Every structure is written in structure tokens, then in C-alpha cells.
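Heads up, the thing below is written out as C-alpha cells.
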Amino acid sequence: MIQKDAAKAIKKILAVDDVPFNVPPKREFGDLSTAICLSQAKLQKRAPIQIAEEVAHQLRNVKLPYISEIIVTPPGYLNFKIDHIRYVKSIISRVRRQGEDFGKSNEGRNRRILVEHTNVNPNKAMHIGHLRNAVIGDSVVRTLRKLNYDVQACDYIDDTGVQVADVVVAMLYLDEPFYDGKSEDFGSIWGKYDDKEISFDYWCWDLYSRVTQSFETDEELNAKRAEVMHLIEAQDNPVAVFAKEVATRIVYAHLATVSRLNVFYDLLNWESDIFMRGFWKTAFDSLKSAGGIVYETEGPNAGCWVVKMGKGVHQTEDGVRSEDKVLVRSNGTVVYTGKDIAYQMWKFGVLDRDFLYKRWGTQDNGEELWTTSPDGQPMQRFGMADRVINVIDVRQSYLQQVVYDCLRKLGFKKQARNSTHLDYEVVVLSNAAAAELGVDVNANESGAQAMSGRKGVGVKADDLIDAMVVRLNEKVANQHNAGVLATAAIRYFMSRISTGKMITFDFDEALRTTGDTGVYCVYAHARACSILAKAYPKEQDRDALNIKKMPRQITIPEQELAKKLAEFPSALIKAGQELSPAPLAHYAFELATVFTDFYETPDPDAEKQTPFIKIKDPVLRNYRLALVDVFRQTLANCLDALGIVALERI
RNA sequence: GCGCCUGUAGCUCAGUGGAUUAGAGCAUCUGACUUCGGAUCAGAGGGUCGGGGGUUCGAGUCCCUCCAGGCGCGCCA
């Protein structure tokens with residue numbers, strides 16, 4: 001706010017659009033500075049120092065609040081000294097007044113954003129790569145809600161794809177007893193799975209990797225695979241019903257897994273419903289009449305409906321290739337991207353068709369989760385978004401662009417513009433981690449291995465969470481706190497790295513509890529709570545934190561803490577603009593670090609530090625404790641945006 | 001071949017045109033609890049910001065080029 005006021009005044013004086021601020025290298029220059037006059041010098045063709053002096057003169061007349069002095073330094077910097085007593089006081093009272101709402105803003109103005117994330121194939125346990133998606137998606141949802149967007153969090157369930165079909169084939173035909181091909185009774189099939197031994201998603205993990213290996217050699221099994229895929233697509237037979245049951249059981253397992261990490265949704269969107277509600281037919285008709293799609297009669301795509309992309313047909317070293325994207329195969333079936341176009345149109349409410357909905361259940365956060373369903377009811381509630389964000393890893397960039405291009409070709413230019421592929425890099429395994437999972441690599445060589453569901457190579461999400469809980473259990477008050485801390489550790493670990501960077505997963509690094517970690521952040525919060533609990537054993541005594549009097553001097557650690565606290569609203573805005581949890585993770589750690597410094601050395605000049613709760617001067621005592629309190633509140637708000645619960649005691 | 005991403009300390013990462021000395025964490029070494037939580041803190045060592053050009057008063061940051069690594073370019077999802 002202090003910066004905003006100064007920027008506003010300077011904008012007026014110099015008639016510029018933007019005034020960047022930063023921190024001067026030396027404290028005697030002040031607390032804030034801007035080099036705006038240096039860049040202005042070029043345009044005005046005058047000495048920068050001269051401009052700076054003039055601006056400083058005018059600013060002094062404006063009387064900015066919280067600014068006590070304005071200094072000009074060569075070659076033309078404008079430096080501001082803050083009136084720390086007024087400033088710190090205003091931060092404290094602002095955070096105390098706003099409480100949980102501190103940091104929120106009205107950026108979104110209630111604009112509706114649909115965020116789709118997680119989207120794990122319902123055929124096996126989730127691994128840590130899926131976790132990255134869920135953590136990024138959920139954090140973005142939380143952040144956008146704090147910016148007052150009307151957010152719908154969706155999880156897409158591809159229950160009719162090949163991956164589910166493969167597990168179904170495995171269950172029916174990999175081990176005896178085999179399915180007879182027509183029965184509605186799958187009792188003997190379910191008998192192969194023992195829920196006392198292993199969870200269903202884990203069981204499928206191994207089953208899936210076994211069946212994909214068998215496909216390489218087993219002709220008969222491949223024939224069954226084609227048959228099962230056909231039956232699932234047809235939807236009107238016992239195998240399709242069985243497949244839906246398999247997928248549903250896996251979805252329950254996935255939701256249980258992500259729930260351990262505080263990831264929640266508003267709606268589950270099933271691909272089978274997209275299929276049965278005729279979404280594709282409508283989109284196909286629109287594409288045909290808009291001329292966005294053409295039927296090829298010759299060339300490599302003869303017999304297909306394609307979207308014209310790039311250069312079309314061209315010669316490469318592999319022979320004649322086409323950049324065009326096939327949407328309808330020559331056998332008349334639609335590819336995934338085709339369905340995705342229809343689905344994207346639904347998200348914006350421009351498809352002219354809708355799902356049927358019913359309640360799925362209540363999530364651990366107390367919120368109702370809905371699902372699309374063939375036996376649901378129509379509802380005017382989901383979709384119809386102003387903006388759509390699809391959280392999908394970077395390998396699908398090309399296909400996402402095809403979807404958005406098709407929207408454009410259909411005349412939905414605004415919707416195409418408001419479609420965002422939130423692309424993030426994948427999680428790979430360090431050689432050491434891969435070796436630990438039994439992959440044949442040299443653990444001592446630097447390098448990484450891709451995870452592979454088909455090969456069954458990957459760190460399962462629940463295994464990671466369990467390992468974290470085990471590690472934390474020793475020093476924690478109870479089992480519940482170990483779970484909360486494990487969530488903090490894992491979410492932070494997945495959040496702190498920029499979305500554009502690959503995460504090379506390593507057990508030692510992921511399970512760390514010291515330094516730049518979620519555990520450190522929660523620890524700092526718990527410590528602050530502990531101080532307050534000792535200072536004011538009775539709840540009503542905390543009224544003293546509504547401070548009226550300030551000490552005569554503000555120490556440097558106090559200034560640093562106050563400045564960092566004031567940054568939180570802009571950290572949230574930045575995270576919302578970048579669609580990434582990383583800025584908030586960095587902010588949380590910095591805030592915790594600045595607080596710890598304030599806690600350890602509140603009076604840098606004093607020979608001996610006095611614990612806050614033992615300070616005799618009531619003004620200083622209440623003031624310092626008020627700082628502890630607003631820190632506690634701000635960190636908790638930040639961690640909330642990251643889906644991390646700030647414990648009061650560990 | 002074309003396109004996208006990444007390259008900053010031994011390792012994992014910040015740093016989205018500003019200040020003489022490029023910041024954290026981990027690891028290594030040295031220290032600090034009879035006072036508010038030691039999952040902490042203080043200190044030390046460790047850098048040709050992949051290389052080379054350019055733009056600018058000023059470049060880790062922008063442009064060009066080269067190098068290295070990753071990922072895309074399916075009638076798979």
C-alpha cells in the first residue's frame with residue numbers, strides 16, 4: 001500500500017504507466033527506491049538527477065502517508081524512508097482487522113473460472129507425477145478463490161479409454177478363472193482380488209503392468225483387448241457395466257489419496273457421460289457446418305475427418321507425413337481430441353448440451369462433491385465458465401492447441417482466447433530413487449529415469465505419504481499431526497519448484513524436514529502460537545493485541561517482518577497471474593525466515609535478547625506479541641492457499 | 001528436420017531491466033540452549049549465471065547465434 005501510494009503519485013507527476021520499486025542496497029538510502037527517473041531521462045533528454053530532484057520536490061508537497069523522507073542519490077534514484085512507527089502500526093491493525101481475509105482481493109470480480117486437474121486414468125494407483133498435477137491444480141483453485149474468482153474444480157475421469165480397458169482385460173482374461181464372455185455375474189472375477197491383502201488401486205498397478213507385457217507376445221489377449229474396447233464403447237453390455245465398476249472403485253481410491261493432501265473438487269466429469277450425452281455429435285455437426293473440419297479422400301489421411309493444421313502434408317525423412325490432426329478415424333470412431341473439443345465447448349456453455357448430475361458424497365473438507373451420471377438430474381450449475389484452465393503436463397501442449405484452434409475455427413474466438421493450458425513439467429525419478437524401486441540403473445551416476453505406468457515403474461502417492469508419516473511420527477504429539485505435517489511437506493515439495501521445471505524425485509530430498517520445507521513453515525507457525533499461548537493463557541487477554549500505543553523505536557527485524565507481511569496480498573496476485581503455487585511457497589518460507597530472525601534477535605543492538613513474554617514494558621510487550629500474532633495469521637493464510645494446514649502445536 | 005522447455009555454488013532451487021559484493025536450502029566444517037518450541041539459530045568455505053556476440057547509462061534478466069539436456073510433431077490418451 002505504501003508503494004502503491006508512492007507509485008500513484010509518481011505516475012501522476014511523470015505521466016508514466018508503471019513505476020517499478022525495489023530495495024536500496026544500503027539502509028541509509030532509505031527503505032524503498034525507484035529508478036524511474038533514469039529511464040525517463042532517455043525520453044526527456046535531460047539529466048536523470050535533475051528529473052529526480054524535481055519529482056522529489058513535488059512529492060514532498062503531496063505528503064505521502066508512511067513516508068518520512070525522500071532522498072535523491074546519483075545517478076538519479078528516488079529513495080524513500082518509511083515512517084516505520086505509523087507503517088508497522090497500520091500493518092498490525094490491518095491484519096488483525098481482516099484476519100483470515102487478509103491477502104484476499106477482488107481481482108476476480110466474481111468471474112467464473114473452471115479449473116480441471118488431476119485427471120488420472122482410473123486403472124491403477126496414483127503416482128507422484130499425478131500428485132504434482134493435483135497439487136498445482138488445487139493450489140491454483142485455492143489462490144483464485146482468494147482473489148474472488150468463482151472457481152469450479154473439475155476432475156475428468158477417462159473411464160472409456162484403453163487404459164481402463166486393459167485392466168478389464170487383465171481381470172477377465174489374464175488369470176483363471178476366465179470370464180465366459182456373456183455372463184452378468186462377475187463374482188468369480190472379483191474373487192481374484194482380496195481386499196484384505198492389498199488396496200484395489202495397488203492391485204491394479206501390478207495387474208496393469210503385467211497385462212501390458214503380455215500384450216507384446218500374446219495374440220489371443222490382443223484379440224480380447226479389441227473386443228473389450230469395443231464393448232466398453234458400445235456401453236450396453238455386462239462388460240461395460242463391469243468396466244464402470246472397476247473405474248469407479250479406482251476413483252474412490254484416487255479421491256482417498258488426494259484427500260490426504262487436502263485436494264478437493266466440485267465435480268467429477270466422466271468421459272462415458274460425454275459419450276452418452278451426445279457431446280461429440282453436436283460438436284461434429286458444428287465443425288462440419290463451420291468448415292473447420294474436412295473429409296479427406298486422398299493422401300495419408302484418406303477416409304478421415306481432419307482439422308487442417310500447419311503445412312498440411314509434407315515430406316520428412318520418415319516419408320509422407322501430415323501435420324493435420326485426424327478427429328474421426330477412417331473406421332468412423334472419434335479420437336480423444338474430438339471428444340475434448342466438445343468437452344471444452346461444454347465448459348464455456350456453448351455446446352448446447354449438458355450432463356446430468358447427482359451427488360457423489362461429502363468430502364473431508366465438508367464440501368459436497370458432485371458427479372456427472374446417466375441417472376442424474378439436469379442442473380444449471382456447472383460449466384458456463386468465462387475462463388477455462390486445464391492442468392495437463394507439457395507433453396500434451398500440441399493437442400491442447402488443436403482443441404483451442406478448433407474453438408477458433410468454430411467462431412468461438414473469445415473462448416479460445418480464454419482457454420489456458422496450464423502446462424507443467426513431469427516428475428522423473430533420480431537414478432537412486434529408480435534403483436530403490438528395483439529398476440536396473442547405476443544409482444551412483446547422475447541422471448534420471450522416466451516413470452512408466454505400463455512398466456509399473458513409479459513411486460505411488462500413498463507410499464510417499466506413508467513414508468513421510470513414518471519419518472515424522474517420532475517427534476510429533478499424535479498421529480493426526482504426523483499426517484498434517486506429511487501433507488505440508490509433500491505439498492510444499494511439489495509447489496516450490498517452478499511449473500516449467502522438471503522435478504527429479506529423490507527420496508532424501510522429498511522426505512527432508514529441515515530448511516526450505518513445508519515442515520519448517522508449519523514449525524514457525526506452531527512456535528508463534530506457542531508464544532501467544534504462554535503470553536496470554538486466557539483467550540480474553542488477547543484483546544491486548546489490539547494495540548493502541550507503539551514503542552518509540554522500531555528495530556530492523558521488526559521492520560523487515562512488517563514489510564514481508566505487507567507483501568502477502570501481492571504474492572497472492574502474482575501466484576494467480578502466473579497460475580503457479582511456487583511464488584506462495586517461496587513467500588511462505590521467506591516470511592517464516594524473517595519471523596524467526598525477529599524471534600531470535602528482536603533487538604540487534606542489545607547484548608542479551610529478552611523473550612517477548614518476559615518483557616516488562618507493557619507497550620513493547622503487547623506490540624511484539626501483536627507482531628507474532630499477525631505473523632501467525634498471515635502465514636496461516638498463505639499456507640491455506642497452498643492447501644497446508646497450519647498447526648498450532650506439533 | 002521443425003516446434004516448445006530447461007541450463008545460476010558439489011546437489012536442489014530463488015532471482016520476470018536497476019545499485020560496489022548474484023541469493024536461499026541441502027551437504028561439508030566451526031560454534032550456540034538452567035529464559036518465548038534446537039524440526040532452530042550464528043559463522044566459514046563454495047559462482048567464468050552453458051559459450052560467444054549485441055541492445056542499454058545499466059543484462060542472470062531483452063535480442064541474435066552456437067552448445068548441452070529434456071519433451072513434442074500418432075487414424076494412442
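The figures here come from the full heavy-atom set of this structure, side chains too, leaving out hydrogens, waters and symmetry mates. So that the names make sense, note that chain A is the first sequence line, chain B the second, and so on, each numbered from 1. In this text the structure is predicted, and so the values were computed from the model without any measurement.
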How far, in whole Å, is [M] from [N] if one measures between their [atom1] atoms?
N	M	atom1	value
B:U56	B:A39	C1'	47 Å
B:G53	B:C13	C1'	29 Å
B:G3	B:G60	P	28 Å
B:C57	B:C41	P	44 Å
B:A22	B:G47	C1'	8 Å
B:G17	B:U6	P	15 Å
B:G45	B:G25	P	15 Å
B:C33	B:U12	P	36 Å

Listed nucleotide nearest any side-chain atom of [X], set [options]:
X	options	value
A:E509	B:C36, B:U12, B:A39	B:U12
A:T596	B:G15, B:C41, B:A39	B:C41
A:Y398	B:G37, B:A39, B:G72	B:G72
A:E600	B:G18, B:G38, B:C41	B:C41

Starting at atom [atom1] of [X], determine the distance to atom [atom2] of [N], rounded to an integer number of angstrom.
X	N	atom1	atom2	answer
A:F505	B:C13	CZ	C1'	17 Å
A:R632	B:G37	CZ	P	16 Å
A:Y77	B:C57	OH	P	14 Å
A:H586	B:U12	NE2	C1'	11 Å
A:I36	B:G17	CD1	P	13 Å
A:Y520	B:A14	OH	C1'	16 Å
A:I51	B:C57	CD1	P	14 Å
A:E590	B:G23	CD	P	14 Å

May I have the list of side-chain donor-acceptor pairs in residues 518-528 of chain A shorter than 3.5 Å, sequence neighbours left out?
unit_1 : atom_1 : unit_2 : atom_2 : d
A:Y520 : OH     : A:T596 : OG1    : 3.2
A:H525 : ND1    : A:L647 : O      : 2.8

Under 6.0 Å from the ring centre and within 45 degrees of the ring axis: does the NZ or CZ of A:R624 meet both conditions for the six-membered ring of A:F631? no
Which atom pair, heavy atoms only, marks the closest approach of [X] to [Y]?
X	Y	result
A:T337	A:K325	OG1-CE, 3.7 Å
A:V135	A:S139	O-OG, 2.8 Å
A:Q609	A:A606	NE2-O, 3.9 Å
A:C37	A:V55	SG-CG2, 4.4 Å

Any side-chain N or O of A:T513 under 4.0 Å from OP1/OP2 of B:A39? no
Mind checking what makes salt bridge (Lys or Arg N to Asp or Glu O under 4.0 Å) contact with [X], not counting sequence neighbours?
X	value
A:D629	A:R96, A:R632
A:R491	A:D138
A:D506	none

So does A:E509 pair up with A:R496, basic N to acidic O under 4.0 Å? yes
Going by number, which of residues 483-497 of chain A have a non-hydrogen atom under 4.0 Å from RNA chain B? A:L485, A:R496, A:I497
Tell me which residues in residues 605-619 of chain A lie within less than 4.0 Å of RNA chain B, going by non-hydrogen atoms. A:K608, A:Q609, A:P611, A:F612, A:I613, A:K614
Checking all strands, does [X] fall into the base, sugar-phosphate, or nothing category for heavy-atom contacts under 4.0 angstrom?
X	value
A:A526	base
A:V120	nothing
A:K534	sugar-phosphate
A:L532	nothing
A:R649	base
A:N79	base

A:F284 meets the ring pair (Phe, Tyr, Trp, His ring centres under 6.0 Å) criterion, sequence neighbours left out, with A:W280, A:W305
With A:Y587 via ring pair (Phe, Tyr, Trp, His ring centres under 6.0 Å) - residues at least two apart: A:F568
Provide a list of protein-nucleic acid N or O atom pairs under 3.5 angstrom, restricted to nucleotides 75-77 of chain B.
unit_1 : atom_1 : unit_2 : atom_2 : d
B:C75  : O3'    : A:R329 : NE     : 3.1
B:C75  : O2     : A:S330 : N      : 3.4
B:C75  : O2     : A:S330 : OG     : 3.3
B:C75  : N3     : A:S330 : OG     : 2.8
B:C75  : N4     : A:A302 : O      : 3.3
B:C76  : OP2    : A:R329 : NE     : 2.4
B:C76  : OP2    : A:R329 : NH2    : 2.7
B:A77  : OP1    : A:R329 : NH2    : 3.0
B:A77  : OP1    : A:Y336 : N      : 3.3
B:A77  : OP2    : A:Y336 : N      : 3.1
B:A77  : O3'    : A:D158 : OD2    : 2.6

Walk along nucleotides 4-11 of chain B from 5' to 3' and tag each nucleotide B, S or - by protein heavy-atom contact under 4.0 Å, base first, then sugar-phosphate. -SSSB---
Beyond-backbone contact of A:T34 with A:F80, side-chain heavy atoms, under 4.5 angstrom: yes
Donor-acceptor side-chain pairing of A:Q344 and A:S419 below 3.5 angstrom: yes
Pair A:N123, A:Q163: side-chain N/O donor-acceptor within cut-off below 3.5 Å: yes
List the steps and the verdict of side-chain hydrogen bond (donor to acceptor under 3.5 Å, both in side chains) for A:Y404 and A:N390. CA-CA 11 Å; A:Y404 306 159; A:N390 297 322; 3.3 Å; yes
A:H127 vs A:W205 aromatic rings, parallel, tilted or perpendicular, using cut-offs 30° and 60°? perpendicular
What residues, two or more places apart in sequence or in another chain, satisfy side chain to side chain contact (heavy atoms under 4.5 Å, CB included) together with A:D273? A:W270, A:M276, A:F355, A:T372, A:P374
Rounding to 0.5 Å, atoms CG (A:L485) and CD1 (A:I644) come to a distance of 10.0 Å
Using a 3.5 Å limit on both distances, find every run of at least three consecutive Watson-Crick or G-U pairs that involves RNA chain B. B:1-7 with B:67-73, B:10-13 with B:23-26, B:28-32 with B:40-44, B:50-54 with B:62-66
